[in-house]
Amino acid sequence: MISSGVAWQILSSRKPYQLGLAGILAFLPTGCHSGAPAADYDVLIRHGQILDGSGGAPYAGDIAIRGDRIVAIGSFENAKAKREIDATGLVVSPGFIDMLGQSELSLLIDNRSESKLSQGITSEITGEGGSIAPQNERTIAPQKIMLDHYHLSIDWQDLAGYFRRLQRSGTPINLGTYVGASQVRQAVLGDVDRAPTPAELQQMESLVATAMQQGALGLSTALIYPPGHYATTTELIALAKVASQYGGIYASHMRSEGQSEMAAIDEAIRIGREANLPVEIFHLKVSGKARWGDMTKVVAKLQAARDSGLDIAADMYPYTAGATQLASSLPPWMADGGMEKLLERLRDPAIRRRVVAEMAHDHNDWENLYLDCGGGSGVMISAVVNPDLQKYEGKTVAEVAKAENKPEMDALFDFILADKGQTAALYFMANENDLQYGLKQPWTSIGLDAGETSLDGPLFEPHTHPRAWGSMPRFLGHYARDLKLLDLSQAVRKVTSLPAQREHLTGRGLLKSGFYADVTIFDPAAILDTSTYTDPNQVSRGVQYVLVNGQLEWDRGKLTGATAGRALVHESGNSTAH
């Protein structure tokens, strides 16, 4: 497991939470610090309007920080600090928590995290079905093209090993992760479409237990993607019961967000009830024009489950387009056996004809993303690995077909083949009214569903999804302030204390004496996204300062280069930071 006594250190036995002398002093009143002057602070944030994350009204005050903790909140006119920040006219809030990021590998490639810090994010939860651990030959082989492209090696097998690697690299943001049901399935079975034997299921359960012991926040699924799609509900309940034993939650990209969404919600509810653990729905939406307007039904179903006693909630990103691999538009059976098998099948004319026929209509047992977007005109190429295909980044599949003078489906298949299944794409599938109705529910939080990146360097993608750069300011500025979906204090709660409480992140999510000094300072009149689908790599407006564990990481539009982030780990129902 990962001890909470010493940052990042991996210990072989469980020990109680230990603050040490510095931590004990941090919780004492200022006047009780033996020999320490009352004004001896590392950071003083002065004259701000404090929104403490609880959802309560703002109040004027100063915040004093020593080390990685908030030590006092009040008025400190005569105090001194190594760094003083004048927050006059600005809101001081807890650092924003991204409830679904994808930064676990990108932090090892280019860890500047400009896209996250610039919008006020200090913590990220990741691991959507696939997760950073466990790793073995079966899980590493399908990633070879990507790993070679970024000159990255996977030199860990379990979550403890990954956290050690992350410590060596350094991270500007705090990072917590689920253990993915797809990951443990792939580690034991590979990418085949079959049920595990009793012995294999026991091995999968053991991998989940190990990950939970080493700090995983719960079990996650991504049930539209192979190999996660191949898992039965019974298999998932068995794995979720293991996570439940350690106080974790069950988080899911459900089996459907479109044609079979109601049945998919029923499955998530069943898993939560039978495994006896809370449920989090990833990136809640209603997919497909034929179903637009159904968010009221989706919300009513989730609210009924909540009213019946199940702890179920959801996160969303404030955009109508999603993003995933272009190959994910194909029927799941195409990926049985892995990517090489998928590419081999795409070369078979008879199989191509079968796929064309299947993708022409909805299915109850798999998500037809391509149809949900209205075909190729609603699917945009965002990133490729093959340099010969870069000219098509930012183009729709329909535009690619026209440029190559091919039928649309042939253009799709040939593109996947030419890029060896590595193409990323945007899918325009959802509706603005549905989005707004979901965002204003008191139990929804915000997750970008995007990894950290910067305006240059190896992770830069010219046509990435705008959510990577704009989600938090768009939610707070466009939806809360401008459209008045909810007041600012409640909007801040949804990106701070709500996700912290969902994930049991002890000492985070509130501005409170003794809590970790994750702080975001922003201009409430100016905060707004500037990123668009056609020009996504744009820094948002309004976020002035971001502190992570007491260190200033974003300073009026510039990165400071600090890497003060830590692992967020779950310990038998009590998550804490390392």
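All residue numbers in this chain count up from 1 along the given sequence. Bear in mind the structure is a predicted one, so any value in this text is a computation, not a measurement.
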Under 3.5 Å donor-acceptor, Lys116 side chain and Ile173 backbone: no

Taking every non-hydrogen atom, the tightest pair across Thr496 and Phe96: CG2-CD2, 4.0 Å

Between Tyr370 and Glu408: side-chain donor-acceptor atoms closer than 3.5 Å: yes

Ion pair check, Lys144 and Glu340, cut-off under 4.0 Å: no

Thr324-Tyr225 side chain donor-acceptor pair, cut-off 3.5 Å: yes

Minimum side-chain heavy-atom gap Leu435-Tyr479 below 4.5 Å: yes

Intermediate values then yes/no, salt bridge (charged side-chain N to carboxylate O under 4.0 Å, His left out), Lys301 and Glu261: CA-CA 11 Å; Lys301 192 174 190 67; Glu261 185 163 18; over 6 Å; no

Distance (rounded to the nearest 0.5 Å) between Met339 CE and Gln422 CD: 6.0 Å

Side chains of Trp333 and Glu358, donor plus acceptor under 3.5 Å: yes

Shortest non-hydrogen contact between Ser220 and Gly129, atoms and distance: OG-N, 2.9 Å

Glu503 side, atom CD; Met99 side, atom CE - distance, nearest 0.5 Å: 4.5 Å

Polar side-chain atom of Tyr427 near backbone of Gln325 as donor-acceptor pair, under 3.5 Å: yes

Heavy atoms from other residues, nucleotides or ligands near CD of Gln157 exceed 12 (cutoff 6.0 Å): no

N-O pairing of Asp266 and Arg255 below 4.0 Å: no

Side chains of Ser287 and Gln259 in contact at under 4.5 Å (non-hydrogen atoms): no

Stepwise side chain to side chain contact (heavy atoms under 4.5 Å, CB included) check, Asn433 with Trp292: CA-CA 8 Å; Asn433 291 334; Trp292 287 356; over 6 Å; no

Under 3.5 Å side-chain donor-acceptor pair for Ser115 and Glu452: no

Any Gln441 side-chain heavy atom under 4.5 Å of Leu284 side chain: no

Enclosure of Gln202 CD (heavy-atom neighbours >12, cutoff 6.0 Å): no

Test log, rule side chain to side chain contact (heavy atoms under 4.5 Å, CB included), inputs Ile249 and Leu219: CA-CA 6 Å; Ile249 73 173; Leu219 179 78; over 6 Å; no

Minimal non-hydrogen separation, Arg508 against Leu568, with atom names: NE-CD2, 3.3 Å

Residues Asp191, Lys341: salt bridge by 4.0 Å N-O rule: no

Nearest heavy atoms of Gln214 and Phe163, plus distance in Å: O-CE1, 3.8 Å

Side-chain donor/acceptor of His363 to backbone N/O of Asp365, under 3.5 Å: no

Heavy-atom check, side chain of Glu461 versus side chain of Thr453, under 4.5 Å: no

Under 3.5 Å side-chain donor-acceptor pair for Arg273 and Ser308: yes

Asp315 (side chain) donor-acceptor with His283 (main chain) under 3.5 angstrom: yes

Modelled atom types, side-chain donor and acceptor of Lys285 and Tyr317, under 3.5 Å: yes

Gln501 CD to Ser445 OG distance, which is reported to the nearest 0.5 Å: 11.0 Å

Test item: side-chain donor near acceptor, Asn111 and Thr171, under 3.5 Å: no

Nearest atoms (heavy-atom pairs only) where Trp156 meets Ile132: NE1-O, 2.8 Å

Donor-acceptor pair between Thr126 and Glu104 side chains, under 3.5 angstrom: yes

With Ser256 via side chain to side chain donor-acceptor pair (under 3.5 Å) - residues at least two apart: Glu367

His570 side chain to Gly247 backbone, donor-acceptor under 3.5 Å: yes

Salt-bridge present (Arg345, Asp348; N to O < 4.0 Å): no

Salt bridge Arg168-Asp155, side-chain N to carboxylate O under 4.0 Å: yes

Phe428-Tyr319 aromatic ring centre distance below 6.0 Å: no

Between Tyr246 and Gln213, a side-chain donor and acceptor under 3.5 Å: yes

Ile416/Leu346 under side chain to side chain contact (heavy atoms under 4.5 Å, CB included): CA gap, chis, key distance, verdict: CA-CA 9 Å; Ile416 293 171; Leu346 273 183; 3.7 Å; yes

Under 3.5 Å: donor-acceptor pair, side chain of Asp158, backbone of Gly161: yes

Thr464 side chain to Ser382 side chain, donor-acceptor N/O pair below 3.5 angstrom: no

Check: Gln490/Arg493 side-chain N/O donor and acceptor closer than 3.5 Å: yes

Donor-acceptor contact present, side-chain Thr210 to main-chain Ser206, <3.5 Å: yes

No-hydrogen, no-angle side-chain donor-acceptor test under 3.5 Å, Tyr250 and Ser244: no

Any donor-acceptor pair under 3.5 Å from Asn136 side chain to Thr139 backbone: yes

Main-chain N/O of Ala430 paired with Lys289 side-chain donor or acceptor, under 3.5 Å: no

Point-to-point distance, once rounded to the nearest 0.5 Å, from NE2 of His229 to CG of Asp193: 7.0 Å

CA sep, side-chain torsions, deciding dist, call: Glu432, Thr320, side chain to side chain donor-acceptor pair (under 3.5 Å): CA-CA 6 Å; Glu432 180 66 25; Thr320 56; 5.4 Å; no

Heavy-atom check, side chain of Leu147 versus side chain of Ile154, under 4.5 Å: yes

Under 3.5 Å donor-acceptor, Gln183 side chain and Val179 backbone: no

Non-hydrogen side-chain atoms of Leu486 and Lys494 separated by less than 4.5 Å: yes

Verdict with supporting geometry, Ile125 and Leu100, side chain to side chain contact (heavy atoms under 4.5 Å, CB included): CA-CA 5 Å; Ile125 310 302; Leu100 178 60; over 6 Å; no

Arg291 and Asp434 ion-paired at < 4.0 Å: no

Interatomic spacing from CE in Met409 to CE in Met359 - rounded to 0.5 Å: 3.5 Å

Gln102 side chain to Asp449 side chain, donor-acceptor N/O pair below 3.5 angstrom: yes

Between CE on residue Met334 and CH2 on residue Trp366, distance to nearest 0.5 Å: 10.0 Å

Taking every non-hydrogen atom, the tightest pair across Leu412 and Val397: CB-CG1, 4.2 Å

